[in-house]
Number of protein chains: 2
Amino acid sequence: MSISNKISDSSVRRISIYLRILERMEKNGDETVSSEELSDHSGTTAAQVRKDLSSFGSFGKRGLGYGVSELALCIRKIIGVDRSWRVALVGVGRIGSALVDWGGFLDRGYDIVAILDVDPSKIGQKWSGLTVCDMDDFEDVVREQGVELIILAVPVEAVSDVVDRIADVGIRGILNFAPTTLRVPEGITVKDVNMVMELEALSFTLNQQKLKE
Amino acid sequence: MSISNKISDSSVRRISIYLRILERMEKNGDETVSSEELSDHSGTTAAQVRKDLSSFGSFGKRGLGYGVSELALCIRKIIGVDRSWRVALVGVGRIGSALVDWGGFLDRGYDIVAILDVDPSKIGQKWSGLTVCDMDDFEDVVREQGVELIILAVPVEAVSDVVDRIADVGIRGILNFAPTTLRVPEGITVKDVNMVMELEALSFTLNQQKLKE
DNA sequence: ACTAATATGTGAAGCTTTTCACAAGTAAAA
DNA sequence: TTTTACTTGTGAAAAGCTTCACATATTAGT
(Lines give C-alpha, C1' and ligand atoms only; values in the text may rest on other atoms or scores of the structure.)
Protein backbone atom coordinates (compact mmCIF):
# COMPACT_ATOMS: atom_id res chain seq x y z
CA MET A 1 0.00 0.00 0.00
CA SER A 2 2.58 2.55 1.05
CA ILE A 3 5.47 3.21 -1.28
CA SER A 4 7.92 2.72 1.58
CA ASN A 5 8.27 -1.06 1.10
CA LYS A 6 11.02 -1.67 -1.38
CA ILE A 7 9.92 -2.16 -4.96
CA SER A 8 11.99 -4.59 -6.96
CA ASP A 9 13.80 -3.50 -10.03
CA SER A 10 11.93 -6.00 -12.15
CA SER A 11 8.65 -4.63 -10.91
CA VAL A 12 9.63 -1.10 -11.95
CA ARG A 13 10.65 -2.40 -15.37
CA ARG A 14 7.31 -4.10 -15.82
CA ILE A 15 5.41 -1.01 -14.72
CA SER A 16 7.30 0.90 -17.37
CA ILE A 17 6.07 -1.66 -19.89
CA TYR A 18 2.50 -1.35 -18.67
CA LEU A 19 2.69 2.38 -19.24
CA ARG A 20 3.67 1.85 -22.84
CA ILE A 21 0.75 -0.53 -23.35
CA LEU A 22 -1.65 1.88 -21.69
CA GLU A 23 -0.50 4.70 -23.94
CA ARG A 24 -1.21 2.61 -27.02
CA MET A 25 -4.63 1.78 -25.62
CA GLU A 26 -5.28 5.43 -24.80
CA LYS A 27 -4.57 6.35 -28.43
CA ASN A 28 -6.78 3.48 -29.47
CA GLY A 29 -9.64 4.92 -27.45
CA ASP A 30 -9.91 2.03 -24.97
CA GLU A 31 -11.40 3.07 -21.66
CA THR A 32 -10.79 0.15 -19.36
CA VAL A 33 -8.31 -2.69 -19.21
CA SER A 34 -8.04 -5.83 -17.11
CA SER A 35 -4.93 -7.22 -15.51
CA GLU A 36 -5.24 -10.12 -17.90
CA GLU A 37 -5.13 -7.89 -20.97
CA LEU A 38 -2.14 -6.08 -19.58
CA SER A 39 -0.39 -9.37 -18.90
CA ASP A 40 -1.13 -10.60 -22.42
CA HIS A 41 0.53 -7.58 -23.94
CA SER A 42 3.47 -7.51 -21.58
CA GLY A 43 4.39 -11.16 -21.47
CA THR A 44 3.72 -11.70 -17.78
CA THR A 45 0.83 -13.02 -15.69
CA ALA A 46 -2.35 -11.31 -14.53
CA ALA A 47 -1.43 -11.95 -10.90
CA GLN A 48 1.93 -10.31 -11.46
CA VAL A 49 0.32 -7.23 -12.97
CA ARG A 50 -2.00 -6.90 -9.98
CA LYS A 51 0.81 -7.41 -7.49
CA ASP A 52 2.97 -4.85 -9.26
CA LEU A 53 0.23 -2.25 -9.25
CA SER A 54 -1.02 -3.00 -5.76
CA SER A 55 2.31 -2.10 -4.23
CA PHE A 56 1.53 1.50 -5.10
CA GLY A 57 -2.16 1.60 -4.28
CA SER A 58 -5.57 0.43 -5.42
CA PHE A 59 -6.09 1.75 -8.89
CA GLY A 60 -8.63 -0.74 -10.20
CA LYS A 61 -12.31 -1.49 -9.69
CA ARG A 62 -13.25 -5.07 -8.88
CA GLY A 63 -15.34 -6.62 -11.59
CA LEU A 64 -14.40 -3.87 -14.02
CA GLY A 65 -10.67 -3.49 -14.38
CA TYR A 66 -8.53 -0.39 -14.52
CA GLY A 67 -9.34 2.92 -16.15
CA VAL A 68 -6.81 3.23 -18.98
CA SER A 69 -5.98 6.92 -18.80
CA GLU A 70 -6.39 7.02 -15.03
CA LEU A 71 -3.90 4.19 -14.57
CA ALA A 72 -1.53 5.72 -17.10
CA LEU A 73 -1.57 8.95 -15.12
CA CYS A 74 -0.86 7.13 -11.85
CA ILE A 75 2.04 5.22 -13.36
CA ARG A 76 3.47 8.41 -14.82
CA LYS A 77 3.46 9.91 -11.35
CA ILE A 78 4.98 6.80 -9.83
CA ILE A 79 7.91 6.67 -12.22
CA GLY A 80 8.27 10.42 -12.29
CA VAL A 81 7.51 11.11 -15.94
CA ASP A 82 4.63 13.42 -15.15
CA ARG A 83 7.22 16.12 -15.72
CA SER A 84 10.31 16.37 -17.90
CA TRP A 85 13.87 15.63 -16.84
CA ARG A 86 16.89 17.68 -17.82
CA VAL A 87 19.58 15.43 -19.23
CA ALA A 88 23.16 15.97 -20.34
CA LEU A 89 24.95 13.71 -22.78
CA VAL A 90 28.61 13.17 -22.03
CA GLY A 91 30.56 11.77 -24.97
CA VAL A 92 29.65 12.33 -28.62
CA GLY A 93 31.33 9.30 -30.13
CA ARG A 94 29.51 6.79 -32.28
CA ILE A 95 26.94 5.87 -29.66
CA GLY A 96 26.56 9.31 -28.19
CA SER A 97 25.87 11.02 -31.50
CA ALA A 98 23.45 8.28 -32.46
CA LEU A 99 21.51 8.88 -29.29
CA VAL A 100 21.21 12.61 -29.96
CA ASP A 101 20.08 12.01 -33.51
CA TRP A 102 17.57 9.44 -32.41
CA GLY A 103 15.42 11.91 -30.51
CA GLY A 104 13.45 9.17 -28.79
CA PHE A 105 14.27 10.53 -25.36
CA LEU A 106 12.58 13.87 -25.76
CA ASP A 107 9.34 12.20 -26.80
CA ARG A 108 9.23 10.49 -23.44
CA GLY A 109 10.04 13.42 -21.22
CA TYR A 110 13.83 13.30 -21.21
CA ASP A 111 15.10 16.55 -22.55
CA ILE A 112 18.73 16.67 -23.64
CA VAL A 113 19.83 20.14 -22.62
CA ALA A 114 23.59 19.83 -22.97
CA ILE A 115 26.18 17.82 -24.84
CA LEU A 116 29.78 17.56 -23.71
CA ASP A 117 33.02 16.05 -24.99
CA VAL A 118 36.77 16.36 -24.53
CA ASP A 119 37.68 16.17 -28.21
CA PRO A 120 38.63 19.68 -29.47
CA SER A 121 37.45 18.77 -32.97
CA LYS A 122 33.95 18.16 -31.62
CA ILE A 123 33.68 21.05 -29.17
CA GLY A 124 31.72 23.91 -30.74
CA GLN A 125 30.01 21.70 -33.30
CA LYS A 126 26.23 21.63 -33.43
CA TRP A 127 24.28 18.45 -32.79
CA SER A 128 20.52 18.71 -33.29
CA GLY A 129 20.45 22.31 -32.19
CA LEU A 130 22.91 22.04 -29.31
CA THR A 131 26.51 23.17 -29.26
CA VAL A 132 28.95 20.60 -27.93
CA CYS A 133 30.55 22.00 -24.77
CA ASP A 134 34.05 21.44 -23.48
CA MET A 135 34.16 18.85 -20.74
CA ASP A 136 36.37 21.33 -18.86
CA ASP A 137 33.23 23.39 -18.29
CA PHE A 138 31.19 20.40 -17.12
CA GLU A 139 30.36 21.73 -13.66
CA ASP A 140 29.30 25.15 -14.99
CA VAL A 141 27.13 23.65 -17.70
CA VAL A 142 25.42 21.32 -15.24
CA ARG A 143 24.58 24.20 -12.95
CA GLU A 144 23.51 26.62 -15.68
CA GLN A 145 21.29 24.07 -17.37
CA GLY A 146 19.96 22.44 -14.22
CA VAL A 147 21.04 19.00 -15.36
CA GLU A 148 19.53 16.15 -13.31
CA LEU A 149 20.58 13.06 -15.25
CA ILE A 150 23.64 12.07 -17.25
CA ILE A 151 23.77 9.84 -20.29
CA LEU A 152 27.29 8.51 -20.20
CA ALA A 153 28.70 7.46 -23.56
CA VAL A 154 32.45 7.79 -23.17
CA PRO A 155 35.18 5.18 -23.73
CA VAL A 156 35.89 2.79 -20.87
CA GLU A 157 39.20 4.52 -20.04
CA ALA A 158 37.48 7.83 -19.43
CA VAL A 159 34.66 6.49 -17.29
CA SER A 160 36.22 6.71 -13.88
CA ASP A 161 37.18 10.40 -14.10
CA VAL A 162 33.82 11.44 -15.48
CA VAL A 163 31.98 9.48 -12.79
CA ASP A 164 33.94 11.29 -10.10
CA ARG A 165 32.97 14.65 -11.52
CA ILE A 166 29.34 13.61 -11.87
CA ALA A 167 29.32 12.62 -8.22
CA ASP A 168 31.05 15.81 -7.10
CA VAL A 169 28.63 18.08 -8.90
CA GLY A 170 25.72 16.39 -7.11
CA ILE A 171 24.01 14.49 -9.92
CA ARG A 172 22.26 11.34 -8.70
CA GLY A 173 21.39 9.37 -11.85
CA ILE A 174 23.48 7.94 -14.68
CA LEU A 175 22.41 6.03 -17.76
CA ASN A 176 25.59 4.19 -18.67
CA PHE A 177 26.41 3.05 -22.19
CA ALA A 178 30.05 2.24 -21.47
CA PRO A 179 30.61 -1.51 -21.35
CA THR A 180 31.92 -1.53 -17.80
CA THR A 181 30.53 -1.61 -14.29
CA LEU A 182 30.53 1.85 -12.76
CA ARG A 183 31.73 2.33 -9.23
CA VAL A 184 29.74 5.17 -7.74
CA PRO A 185 29.32 6.58 -4.24
CA GLU A 186 26.23 5.78 -2.18
CA GLY A 187 23.17 7.68 -3.36
CA ILE A 188 23.95 7.67 -7.07
CA THR A 189 21.88 5.34 -9.22
CA VAL A 190 23.25 3.77 -12.37
CA LYS A 191 21.37 1.91 -15.08
CA ASP A 192 23.36 0.13 -17.74
CA VAL A 193 22.50 -0.25 -21.39
CA ASN A 194 24.73 -2.90 -22.81
CA MET A 195 23.79 -4.18 -26.22
CA VAL A 196 26.63 -6.62 -26.52
CA MET A 197 25.68 -8.17 -23.19
CA GLU A 198 22.18 -8.75 -24.49
CA LEU A 199 23.56 -10.34 -27.63
CA GLU A 200 25.74 -12.58 -25.50
CA ALA A 201 22.73 -13.64 -23.44
CA LEU A 202 21.05 -14.46 -26.76
CA SER A 203 23.87 -16.54 -28.12
CA PHE A 204 24.18 -18.29 -24.78
CA THR A 205 20.57 -19.43 -25.01
CA LEU A 206 20.90 -20.55 -28.63
CA ASN A 207 24.08 -22.40 -27.74
CA GLN A 208 22.33 -24.22 -24.92
CA GLN A 209 19.46 -25.23 -27.18
CA LYS A 210 21.91 -26.65 -29.66
CA LEU A 211 23.72 -28.62 -26.96
CA LYS A 212 20.47 -30.21 -25.82
CA GLU A 213 19.68 -31.64 -29.22
CA MET B 1 28.32 -29.28 -12.67
CA SER B 2 26.38 -30.26 -15.75
CA ILE B 3 24.96 -27.49 -17.88
CA SER B 4 21.54 -29.14 -17.85
CA ASN B 5 20.35 -27.34 -14.69
CA LYS B 6 18.75 -24.09 -15.68
CA ILE B 7 21.01 -21.06 -15.51
CA SER B 8 19.31 -17.86 -14.50
CA ASP B 9 19.28 -14.89 -16.78
CA SER B 10 21.02 -12.76 -14.19
CA SER B 11 23.78 -15.32 -13.91
CA VAL B 12 24.38 -15.23 -17.66
CA ARG B 13 24.49 -11.43 -17.53
CA ARG B 14 27.07 -11.52 -14.78
CA ILE B 15 29.17 -14.08 -16.62
CA SER B 16 29.15 -11.73 -19.59
CA ILE B 17 30.48 -9.03 -17.28
CA TYR B 18 33.19 -11.32 -15.93
CA LEU B 19 34.34 -11.95 -19.47
CA ARG B 20 34.77 -8.25 -20.06
CA ILE B 21 36.82 -7.93 -16.88
CA LEU B 22 38.94 -10.92 -17.79
CA GLU B 23 39.66 -9.45 -21.21
CA ARG B 24 40.88 -6.25 -19.62
CA MET B 25 43.07 -8.29 -17.27
CA GLU B 26 44.37 -10.37 -20.15
CA LYS B 27 45.48 -7.21 -21.95
CA ASN B 28 46.97 -6.04 -18.71
CA GLY B 29 49.07 -9.19 -18.51
CA ASP B 30 47.48 -10.54 -15.32
CA GLU B 31 47.76 -14.30 -15.06
CA THR B 32 45.46 -15.26 -12.21
CA VAL B 33 42.41 -13.74 -10.60
CA SER B 34 40.43 -14.54 -7.47
CA SER B 35 36.67 -14.58 -7.13
CA GLU B 36 37.04 -11.60 -4.85
CA GLU B 37 38.83 -9.53 -7.49
CA LEU B 38 36.20 -10.43 -10.02
CA SER B 39 33.45 -9.46 -7.61
CA ASP B 40 35.15 -6.13 -6.89
CA HIS B 41 35.18 -5.22 -10.54
CA SER B 42 31.69 -6.46 -11.30
CA GLY B 43 29.81 -5.10 -8.32
CA THR B 44 28.77 -8.43 -6.88
CA THR B 45 30.07 -10.79 -4.18
CA ALA B 46 32.84 -13.36 -4.28
CA ALA B 47 30.41 -16.13 -3.38
CA GLN B 48 28.20 -15.09 -6.25
CA VAL B 49 31.09 -15.24 -8.69
CA ARG B 50 32.01 -18.72 -7.53
CA LYS B 51 28.41 -19.92 -7.70
CA ASP B 52 28.00 -18.49 -11.18
CA LEU B 53 31.11 -20.19 -12.47
CA SER B 54 30.58 -23.46 -10.65
CA SER B 55 27.33 -24.08 -12.47
CA PHE B 56 29.41 -24.70 -15.58
CA GLY B 57 32.31 -26.59 -14.07
CA SER B 58 35.38 -26.25 -11.91
CA PHE B 59 37.65 -23.72 -13.56
CA GLY B 60 39.64 -22.55 -10.56
CA LYS B 61 42.40 -23.90 -8.40
CA ARG B 62 41.86 -23.85 -4.64
CA GLY B 63 44.30 -21.60 -2.92
CA LEU B 64 45.27 -19.96 -6.19
CA GLY B 65 42.28 -18.56 -8.04
CA TYR B 66 41.39 -18.74 -11.71
CA GLY B 67 43.71 -18.57 -14.68
CA VAL B 68 42.74 -15.37 -16.47
CA SER B 69 43.03 -16.45 -20.09
CA GLU B 70 41.92 -19.98 -19.31
CA LEU B 71 38.73 -18.73 -17.65
CA ALA B 72 38.12 -16.23 -20.43
CA LEU B 73 38.31 -19.06 -22.94
CA CYS B 74 35.86 -21.19 -20.97
CA ILE B 75 33.38 -18.34 -20.66
CA ARG B 76 33.65 -17.61 -24.38
CA LYS B 77 32.72 -21.21 -25.06
CA ILE B 78 29.87 -21.12 -22.57
CA ILE B 79 28.23 -18.05 -24.06
CA GLY B 80 29.06 -19.07 -27.60
CA VAL B 81 31.39 -16.27 -28.59
CA ASP B 82 34.26 -18.60 -29.37
CA ARG B 83 33.06 -18.19 -32.95
CA SER B 84 31.31 -15.40 -34.81
CA TRP B 85 27.57 -15.04 -35.35
CA ARG B 86 25.94 -13.93 -38.57
CA VAL B 87 23.51 -11.13 -37.89
CA ALA B 88 21.00 -9.23 -40.02
CA LEU B 89 19.76 -5.77 -39.17
CA VAL B 90 16.12 -5.16 -39.99
CA GLY B 91 15.18 -1.49 -40.08
CA VAL B 92 17.59 1.33 -40.93
CA GLY B 93 15.84 4.19 -39.19
CA ARG B 94 17.53 6.38 -36.64
CA ILE B 95 18.45 3.57 -34.28
CA GLY B 96 19.21 1.00 -36.93
CA SER B 97 21.63 3.20 -38.83
CA ALA B 98 23.32 4.25 -35.61
CA LEU B 99 23.90 0.61 -34.74
CA VAL B 100 25.55 -0.10 -38.10
CA ASP B 101 27.76 2.94 -37.82
CA TRP B 102 28.73 2.04 -34.30
CA GLY B 103 30.58 -1.12 -35.27
CA GLY B 104 30.80 -2.35 -31.71
CA PHE B 105 29.09 -5.62 -32.58
CA LEU B 106 31.71 -6.86 -34.99
CA ASP B 107 34.45 -6.35 -32.41
CA ARG B 108 32.69 -8.83 -30.19
CA GLY B 109 31.99 -11.54 -32.72
CA TYR B 110 28.67 -10.38 -34.09
CA ASP B 111 29.06 -9.86 -37.79
CA ILE B 112 26.38 -7.83 -39.53
CA VAL B 113 26.06 -9.57 -42.89
CA ALA B 114 22.83 -8.01 -44.16
CA ILE B 115 20.73 -4.89 -43.76
CA LEU B 116 17.08 -4.74 -44.74
CA ASP B 117 14.33 -2.13 -44.90
CA VAL B 118 10.98 -1.52 -46.57
CA ASP B 119 11.61 2.11 -47.49
CA PRO B 120 12.33 2.36 -51.26
CA SER B 121 14.50 5.44 -50.68
CA LYS B 122 16.79 3.40 -48.47
CA ILE B 123 16.91 0.17 -50.46
CA GLY B 124 20.08 0.03 -52.55
CA GLN B 125 21.92 2.56 -50.41
CA LYS B 126 25.23 1.57 -48.89
CA TRP B 127 25.74 1.45 -45.13
CA SER B 128 29.28 0.70 -43.97
CA GLY B 129 29.98 -1.51 -46.96
CA LEU B 130 26.61 -3.26 -47.11
CA THR B 131 23.80 -2.60 -49.55
CA VAL B 132 20.38 -2.21 -47.95
CA CYS B 133 18.15 -5.02 -49.22
CA ASP B 134 14.43 -4.96 -49.85
CA MET B 135 12.49 -6.52 -47.03
CA ASP B 136 10.56 -8.37 -49.75
CA ASP B 137 13.66 -10.49 -50.26
CA PHE B 138 14.08 -11.16 -46.56
CA GLU B 139 13.81 -14.95 -46.74
CA ASP B 140 16.26 -15.20 -49.64
CA VAL B 141 18.78 -12.93 -47.95
CA VAL B 142 18.58 -14.88 -44.72
CA ARG B 143 19.27 -18.14 -46.52
CA GLU B 144 21.99 -16.80 -48.79
CA GLN B 145 23.83 -15.11 -45.95
CA GLY B 146 23.27 -17.80 -43.36
CA VAL B 147 21.76 -15.33 -40.92
CA GLU B 148 21.40 -16.67 -37.37
CA LEU B 149 20.35 -13.61 -35.38
CA ILE B 150 18.21 -10.57 -36.10
CA ILE B 151 18.64 -7.08 -34.75
CA LEU B 152 15.15 -5.67 -34.93
CA ALA B 153 14.97 -1.90 -35.20
CA VAL B 154 11.64 -1.22 -36.92
CA PRO B 155 8.72 0.95 -35.76
CA VAL B 156 6.25 -0.64 -33.35
CA GLU B 157 3.57 -0.95 -36.04
CA ALA B 158 5.80 -3.10 -38.22
CA VAL B 159 7.00 -5.41 -35.48
CA SER B 160 4.35 -8.08 -35.62
CA ASP B 161 4.70 -8.80 -39.36
CA VAL B 162 8.47 -8.91 -39.22
CA VAL B 163 8.43 -11.23 -36.22
CA ASP B 164 6.18 -13.65 -38.10
CA ARG B 165 8.58 -13.76 -41.00
CA ILE B 166 11.56 -14.20 -38.71
CA ALA B 167 9.83 -17.14 -37.08
CA ASP B 168 8.83 -18.68 -40.42
CA VAL B 169 12.32 -18.53 -41.83
CA GLY B 170 13.64 -20.45 -38.82
CA ILE B 171 15.68 -17.83 -36.98
CA ARG B 172 15.78 -18.42 -33.23
CA GLY B 173 17.21 -15.23 -31.74
CA ILE B 174 16.11 -11.58 -31.84
CA LEU B 175 17.70 -8.51 -30.31
CA ASN B 176 14.76 -6.15 -30.08
CA PHE B 177 15.10 -2.37 -30.07
CA ALA B 178 11.41 -1.67 -30.64
CA PRO B 179 9.77 -0.37 -27.47
CA THR B 180 7.22 -3.16 -27.29
CA THR B 181 7.03 -6.70 -26.01
CA LEU B 182 7.44 -9.20 -28.80
CA ARG B 183 5.12 -12.17 -29.00
CA VAL B 184 7.08 -15.03 -30.48
CA PRO B 185 6.48 -18.75 -30.88
CA GLU B 186 8.10 -21.26 -28.54
CA GLY B 187 11.78 -21.74 -29.27
CA ILE B 188 12.57 -18.18 -30.30
CA THR B 189 14.55 -16.11 -27.80
CA VAL B 190 14.15 -12.36 -27.55
CA LYS B 191 16.30 -9.88 -25.67
CA ASP B 192 15.12 -6.33 -25.38
CA VAL B 193 17.20 -3.18 -25.40
CA ASN B 194 15.03 -0.40 -24.16
CA MET B 195 16.82 2.78 -23.29
CA VAL B 196 13.74 4.69 -22.27
CA MET B 197 12.77 1.94 -19.87
CA GLU B 198 16.15 2.24 -18.21
CA LEU B 199 15.71 5.99 -17.93
CA GLU B 200 12.31 5.46 -16.38
CA ALA B 201 13.79 3.07 -13.84
CA LEU B 202 16.31 5.80 -13.07
CA SER B 203 13.76 8.54 -12.60
CA PHE B 204 11.66 6.20 -10.49
CA THR B 205 14.55 5.72 -8.09
CA LEU B 206 15.34 9.43 -7.95
CA ASN B 207 11.68 10.17 -7.36
CA GLN B 208 11.55 7.71 -4.47
CA GLN B 209 14.64 9.23 -2.89
CA LYS B 210 13.05 12.66 -3.06
CA LEU B 211 9.82 11.40 -1.49
CA LYS B 212 11.71 9.94 1.45
CA GLU B 213 13.29 13.26 2.39
C1' DA C 1 57.30 -32.65 6.82
C1' DC C 2 54.73 -29.48 9.03
C1' DT C 3 52.49 -25.03 9.49
C1' DA C 4 50.41 -20.91 7.79
C1' DA C 5 48.03 -18.53 4.40
C1' DT C 6 45.00 -18.45 0.72
C1' DA C 7 40.98 -19.33 -2.12
C1' DT C 8 37.79 -22.65 -4.41
C1' DG C 9 33.40 -25.39 -4.57
C1' DT C 10 29.13 -26.33 -2.44
C1' DG C 11 25.29 -27.80 0.78
C1' DA C 12 22.30 -25.38 3.62
C1' DA C 13 20.14 -21.21 5.38
C1' DG C 14 18.05 -16.93 4.42
C1' DC C 15 15.87 -13.86 1.53
C1' DT C 16 13.16 -12.23 -2.54
C1' DT C 17 10.02 -12.82 -6.16
C1' DT C 18 6.39 -15.17 -8.36
C1' DT C 19 2.36 -17.87 -8.47
C1' DC C 20 -1.84 -19.56 -6.42
C1' DA C 21 -6.33 -19.27 -4.75
C1' DC C 22 -10.04 -17.02 -3.00
C1' DA C 23 -12.73 -13.45 -0.44
C1' DA C 24 -14.68 -9.18 -1.64
C1' DG C 25 -16.50 -5.68 -4.71
C1' DT C 26 -19.03 -4.20 -9.09
C1' DA C 27 -22.29 -4.09 -12.83
C1' DA C 28 -25.66 -5.84 -15.77
C1' DA C 29 -29.38 -8.97 -16.64
C1' DA C 30 -33.30 -11.60 -15.17
C1' DT D 1 -33.95 -8.01 -5.69
C1' DT D 2 -31.45 -11.80 -6.79
C1' DT D 3 -28.47 -14.06 -9.74
C1' DT D 4 -24.66 -14.25 -12.84
C1' DA D 5 -20.42 -13.02 -14.64
C1' DC D 6 -16.38 -10.73 -13.92
C1' DT D 7 -12.18 -8.90 -11.89
C1' DT D 8 -9.46 -6.81 -8.23
C1' DG D 9 -6.47 -7.07 -4.05
C1' DT D 10 -3.92 -9.96 -1.12
C1' DG D 11 -2.39 -13.48 2.31
C1' DA D 12 -0.08 -17.77 1.88
C1' DA D 13 2.50 -21.29 -0.66
C1' DA D 14 5.93 -22.26 -3.99
C1' DA D 15 9.88 -21.31 -6.56
C1' DG D 16 14.03 -19.03 -7.36
C1' DC D 17 18.21 -16.51 -6.10
C1' DT D 18 21.86 -14.94 -2.97
C1' DT D 19 24.63 -15.28 1.02
C1' DC D 20 26.90 -17.98 4.53
C1' DA D 21 30.13 -20.98 6.28
C1' DC D 22 33.21 -24.48 5.99
C1' DA D 23 35.49 -28.71 4.18
C1' DT D 24 38.87 -29.21 0.76
C1' DA D 25 42.89 -28.22 -1.99
C1' DT D 26 47.17 -25.72 -3.18
C1' DT D 27 51.42 -23.19 -2.47
C1' DA D 28 55.16 -21.15 0.11
C1' DG D 29 57.95 -20.74 3.99
C1' DT D 30 60.20 -22.78 8.07
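So that the names make sense, note that chain A is the first sequence line, chain B the second, and so on, each numbered from 1.
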Atom-pair distance ([atom1] on [X]; [atom2] on [N]), nearest Å:
X     : N      : atom1 : atom2 : value
A/R50 : C/dA24 : CZ    : C1'   : 13 Å
A/L53 : D/dT8  : CG    : P     : 9 Å
B/F59 : D/dA25 : CZ    : P     : 19 Å
A/L71 : D/dG9  : CG    : P     : 10 Å
B/L38 : C/dA7  : CG    : P     : 12 Å
A/F56 : D/dT8  : CZ    : P     : 18 Å
B/K61 : D/dA25 : NZ    : C1'   : 11 Å
A/L64 : D/dT7  : CG    : P     : 9 Å

OP1, OP2 of [N] versus side-chain N and O of [X]: anything below 4.0 Å?
X     : N     : value
B/S58 : C/dG9 : yes
B/Y66 : C/dG9 : yes
A/S35 : D/dT7 : no

Check nucleotides 11-18 of chain C against the protein and report each pair of N or O atoms closer than 3.5 Å, with its distance, or say if there are none.
from: C/dG11; atom 1: O6; to: B/K51; atom 2: NZ; distance (Å): 3.0
from: C/dA12; atom 1: N6; to: B/K51; atom 2: NZ; distance (Å): 3.2
from: C/dT18; atom 1: OP1; to: A/R14; atom 2: NH1; distance (Å): 3.0
from: C/dT18; atom 1: OP2; to: A/R14; atom 2: NH2; distance (Å): 3.0
from: C/dT18; atom 1: O5'; to: A/Q48; atom 2: OE1; distance (Å): 3.3

**OP:** Please step through salt bridge (charged side-chain N to carboxylate O under 4.0 Å, His left out) for the pair B/R83 and B/E148, ending with a clear verdict.
**Re:** CA-CA 13 Å; B/R83 57 137 175 147; B/E148 303 161 286; 2.8 Å; yes
**OP:** Identify, between A/G63 and A/A47, the residue whose nearest nucleotide on DNA chain C lies closer to the 5' end.
**Re:** A/A47
Quick one: pull up [atom1] in [X] and [atom2] in [Y] and give me the separation to the nearest 0.5 Å.
X      : Y      : atom1 : atom2 : value
A/L116 : A/I151 : CG    : CD1   : 12.0 Å
A/I78  : A/L53  : CD1   : CG    : 7.5 Å
A/I75  : A/R20  : CD1   : CZ    : 10.5 Å
B/L202 : A/I150 : CG    : CD1   : 11.0 Å

Original post:
Between A/R13 and A/D9, does at least one N-O distance fall below 4.0 Å, as a salt bridge requires?
Top reply: yes
Original post:
Between A/F204 and B/F56, what is the ring plane arrangement, given parallel below 30°, perpendicular above 60°, and tilted in between?
Top reply: perpendicular
Original post:
If you take atom types as modelled and just measure distance, does the side chain of B/R62 reach the base of D/dT24 with a donor-acceptor pair under 3.5 Å?
Top reply: yes
